[in-house]
Colleague: 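My structure is below; once you've seen it, I'll send some questions.
In what follows, every chain begins at residue 1, and chains take the letters A, B, ... in the order their sequences are listed. The basis for the numbers below is simple: all heavy atoms, side chains too, and nothing from hydrogens, waters or symmetry mates. No experiment lies behind these values; they were computed from the predicted model shown.
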Amino acid sequence: MTTAKTNGLSKAYEFSDVESKWLDRWSEAKSFQGVMEDGKDSFSIVIPPPNVTGVLHVGHALNNTMQDVLVRYHRMRGDNTLWVPGTDHAGIATQNVVERQLATEGKSRHDVGRDAFIEKVWEWRKEKGGTIIKQLKRLGASCDWERERFTMDEGLSTAVREVFVRLYKEGLIYKGDYIVNWCPRCHTALADDEVEHEDTKGKLYHLRYPFADGSGHVVVATTRPETMLGDTGVAVHPDDERYSHLADVGIKLPLTDRTIPVVFDHHVEKDFGTGALKVTPSHDRDDYEIGMRHNLELCKVMDDSGVMNEAAGTYAGLDRFDCRRKIVADLEEQGFLVKIEDYDHAVGQCYRCATVVEPTTSLQWFVSVRPLADKAVDAVKEGRINIYPKNWYNTFYSWMDNIRDWCISRQIWWGHRIPAWNCDDCGELIVESDDPTSCPKCGSEKLAQESDVLDTWFSSALWPFSTMGWPEDTKELATFYPTSVLITSFDILFFWVARMMMMGIHFMDEVPFKDVYLHALVRDKHGKKMSKSTGNVIDPLEVMDQYGTDAMRFTLTAFAAQGREIKLDEERIEGYRYFINKIWNAARFALMHVDDCDESVRDAVRDPAALPLVHRWILSRTATTVSEVRTSLDEYHFNETASSLYQFVWHEFCDWYLEWIKSDLFSKDETVRDHARGVLLTVLETILKLLHPVTPFVTEEIWSVLPGEREMLVTSDYPEVEESWRDEEAENAIAILMGVITGIRNIRSEADVHPSATIEAVVLCADPHKAELIRNYQPALTEMTRLSALTVETEGDKPADAGVYIFGDIEIYVPLKGLVDVAREGAKLAREKKKVEDKLRQVNGKLGNEKFLANAPDAVVAKEKAKKDELDATFTKIEEAEARLKELG
RNA sequence: GGGCGGUUAGCUCAGCUGGGAGAGCAUCGGCCUUACAAGCCGAGGGUCACAGGUUCAAGCCCUGUACCGCCCACCA
């Protein structure tokens, strides 16, 4: 690759140096600093805090690109703009990382002790925890980096305590012994939504449970036979006549010496299996609820690690899965096993470590979410929060309707320790934001703080206001809360988004964000989830290395259509890299001509109507593009933003406008040249501004070498729609001229006329205005089609020995002097004729339909009539051309 | 079991309020035309999953079917 330079810009865009240069400059200039000026609109976003253990994956890249596009857009619009960055302490995930590190030294966290372990986590964070932040910076994320927050920071920890204590005192936090999801590997409770259900090929074991009086038996089915040791009842449906006589007869539980009762509960499905259900209240959520309804005993048969305990009798000490095998063998030996069926069912797994979750009763802390959830639902129903795309409303409501109390305590060490103390002497439970020194009830000083920490999502639920200084009244909160929009992945709608709504509304009395944009997951090009084991992971860091950050950002923006999974194809990234390069080269070309311009060159656009058509045309197209881009950004239609920009820059500005004005730029007529230079510079500047939010690096670089003194692009102004640039007349006229050019090129190409061969063309057009228009543009037209001459007539001979191109009332002939390939030309005409015929059939169908004429709006009818006239004209001319061709053949 | 989404060119996808089916890549042909071969010019390619319905008019609205995907859920 050559690196020849033109006017200081290398021939191909070399992103690497450019990117690091601007990252430094933006940082030095504090370009991303949050602004709080009176009388301005505010635009604020809080980043979905990535886990402090995280490394940038393509989902982060998408998420943060979208946020950055909006933030840069609003900053340029002059709003008070703030993007708050930060990371999440990610309780279990981070603890796991440090535990693994310890394990390499052959130690467990218990070997080092709680305080020392936490110290180690902080050390780890200091050394390695900045990775994802560095990577976000490299992405170009224009966060106010001086405001970086961490969910374990002092300020945020204060907010967490304050919230906990207030909720407790309002009776919305309680402690109790309930069934929870337990991870035997992480040794902690998990919230319902931290359990992932995986379809698993398992077995359904049918077990024979004899009646205590020896009069018979009932068959129950289970997927987890080891839990039978904890059975404290058998449940049947109250209306099930098969079992109505069992009310007073107990069941003799196999392998034990216990007798358990039969209870009648509507939850039991009569038609499933035998209609009898073994009830293990300590190890199954449904069974727990049945047990509560019928006062069944709790019998816990496993410990915190999933190992059978003393209640399991001779099975004590066995791991739960080993126990399962042993139990099945023993049941079979003793004749209690009826049959084993293959059975596919969902098995709950820990979302962090994929260990099979064990439902267990345990003493935990809970938030009563119903009252909080109701307020969140109201906010959404009343439109105080809008959700995009809107198909998420149903899902949101149904989840909120079925929400259960939130288990917030975790039996791990890394996190916000629950601000509750137990008095050793009187047993009083003390909940205070400041550490108490003595028991308010008995005065004892023997107080022990709860060992549990809070669910990570508890602190992230406060993120929109805790990062702005709550519980203090801060200027940040006054200026930026509620935030403008939350952009996040749909898979944490409930983990996080819903909980921020609940907490924000409860504590701030105002929603935490006005809009929620939920984007899709990024998948590979076949729609498969990216995973290391499949080997289909696209690493954004490698992508940035290979194609440049702007190319990746543009690609992600182009893919970000609402409501669809994103299938990312690496070839597309390559395609958009070419686009970045195209911008670069267009700028190089422009610079060759505007390099030495002074301010006055822009005067050309002050009176657009006075300019030649092609300049009026590009200004009009620019105005349209500005409008499209602004609208699509305002509506979060990121893909449309990308496509408007791509289409306009490449196919209108580069392919047509630059080609068209080349002769003007080399003109000896100073006015002609200055018009071209002024419009060229103006449009280029507009393009750079429009593109900047999506492709900040290349645009800033080009901007910096444009003539004149200028501030950095990042903090310049975003283009407004210039209504005075809109020009329908120019657009129509240029469309005709483009048609002529395309026609001539088509004939040349179809007839295999070498591009350098000089030939002539004749345009026949009965309409004198159009003819005049085309005649006026002869120089540009011949230049762009490489003709030696172009003649325009309102009437004249139609040569047979010529290539022909017809559109509407315009006919183009390129005399070929015996070079016409009759067969090929005939085929082309036939093809065109068929197209026109098909369209005519449609139009005539409509216009021949009285109901259409009666019902369709006048404008639509008029349009159809105009279409018919044009098609008729084209059709006639094609037939004439066919006739002439026949003479020739 | 409930809910949501998808099915449009060979591939990946747009198509916002119903009014002449689009893009990128890929394909074919021709060009190193002085910004760009990471480029330029030209061309081909569609029964908009299927079946009904509403409408003057349907890729778009309604009903149903098929297949694919995701989410939620207490049939053990």
Colleague: Can a salt bridge be assigned to the pair A/Lys867 and A/Glu864 using a cut-off of 4.0 Å between side-chain N and carboxylate O?
Modeller: yes

Colleague: Looking at every strand, decide which applies to A/Ser643 at a 4.0 Å heavy-atom threshold: base, sugar-phosphate, or nothing.
Modeller: nothing

Colleague: How many whole angstroms separate atom CD of A/Glu289 from atom P of B/rC75?
Modeller: 12 Å

Colleague: Contact class for A/Val843 vs. all strands (heavy atom < 4.0 Å): base, sugar-phosphate, or nothing?
Modeller: nothing

Colleague: Checking A/Thr232 now: which residues fulfil side chain to side chain contact (heavy atoms under 4.5 Å, CB included) with it, not counting sequence neighbours?
Modeller: A/Arg258, A/Pro281, A/Leu296, A/Glu297, A/Cys299

Colleague: Taking the minimum atom-to-atom distance to the side chain of A/Lys863, which one of B/rA38, B/rG20, B/rA35 wins?
Modeller: B/rG20

Colleague: Under 3.5 Å, is there a donor-acceptor pair linking the side chains of A/Thr641 and A/Ser632?
Modeller: yes

Colleague: Using a 4.0 Å heavy-atom cut-off across all strands, classify A/Lys278 as base, sugar-phosphate, or nothing.
Modeller: nothing

Colleague: Do the ring planes of A/Phe494 and A/Trp399 sit parallel (below 30°), tilted (30 to 60°) or perpendicular (above 60°)?
Modeller: parallel

Colleague: Measure from the side-chain heavy atoms of A/Leu277 and tell me the nearest of B/rG20, B/rG42, B/rA76.
Modeller: B/rA76

Colleague: So, is A/Tyr343 near the phosphate of B/rA76, with a side-chain N or O under 4.0 Å from OP1 or OP2?
Modeller: yes

Colleague: For residues 850-859 of chain A, which residue pairs pass the salt bridge (charged side-chain N to carboxylate O under 4.0 Å, His left out) check, not counting sequence neighbours?
Modeller: none

Colleague: Pull out every protein N or O sitting under 3.5 Å from an N or O of nucleotides 54-57 of chain B, one pair per line with the distance.
Modeller:
from   : atom 1 : to       : atom 2 : distance (Å)
B/rC56 : OP1    : A/Asn855 : ND2    : 3.4
B/rC56 : O2'    : A/Asn849 : ND2    : 3.0

Colleague: Are any of the side-chain nitrogens in A/Glu358 or A/Arg224 under 4.0 Å away from the carboxylate oxygens of its partner?
Modeller: yes

Colleague: Around A/Glu574, counting heavy atoms of other residues, nucleotides and ligands shown, do more than 12 lie under 6.0 Å from its CD?
Modeller: yes

Colleague: Do the two ring centres, one from A/Phe638 and one from A/Tyr517, sit under 6.0 Å apart?
Modeller: yes

Colleague: Could I get the full list of side chain to side chain donor-acceptor pair (under 3.5 Å) partners for A/Tyr805, not counting sequence neighbours?
Modeller: none

Colleague: For A/Glu640, which contact category applies under a 4.0 Å heavy-atom criterion: base, sugar-phosphate, or nothing?
Modeller: base

Colleague: Any side-chain donor paired with an acceptor under 3.5 Å for A/Tyr209 and A/Asp231?
Modeller: yes

Colleague: Select one nucleotide: of B/rG42, B/rC74, B/rG44, the one nearest the side-chain heavy atoms of A/Lys835.
Modeller: B/rG44

Colleague: Show me the dot-bracket string of RNA chain B, counting Watson-Crick or G-U pairs under 3.5 Å, with | for pairs to another strand and [ ] for crossing ones.
Modeller: (((((((..((((.....[..)))).(((((.......))))).....(((((..]....))))))))))))....

Colleague: Specify the residue among A/His754 and A/Glu864 whose closest nucleotide of RNA chain B lies further upstream toward the 5′ end.
Modeller: A/Glu864

Colleague: Using ring centroids (six-membered ring only for Trp), state whether A/Tyr576 and A/Tyr646 fall under 6.0 Å.
Modeller: yes

Colleague: Please list residues of residues 650-660 of chain A whose heavy atoms come under 4.0 Å from any atom in RNA chain B, ordered by number; otherwise none.
Modeller: A/Trp650, A/His651, A/Cys654, A/Asp655, A/Leu658, A/Glu659

Colleague: Quick one: on RNA chain B, does A/Lys839 or A/Val195 contact a more 5' nucleotide (nearest heavy atom)?
Modeller: A/Lys839

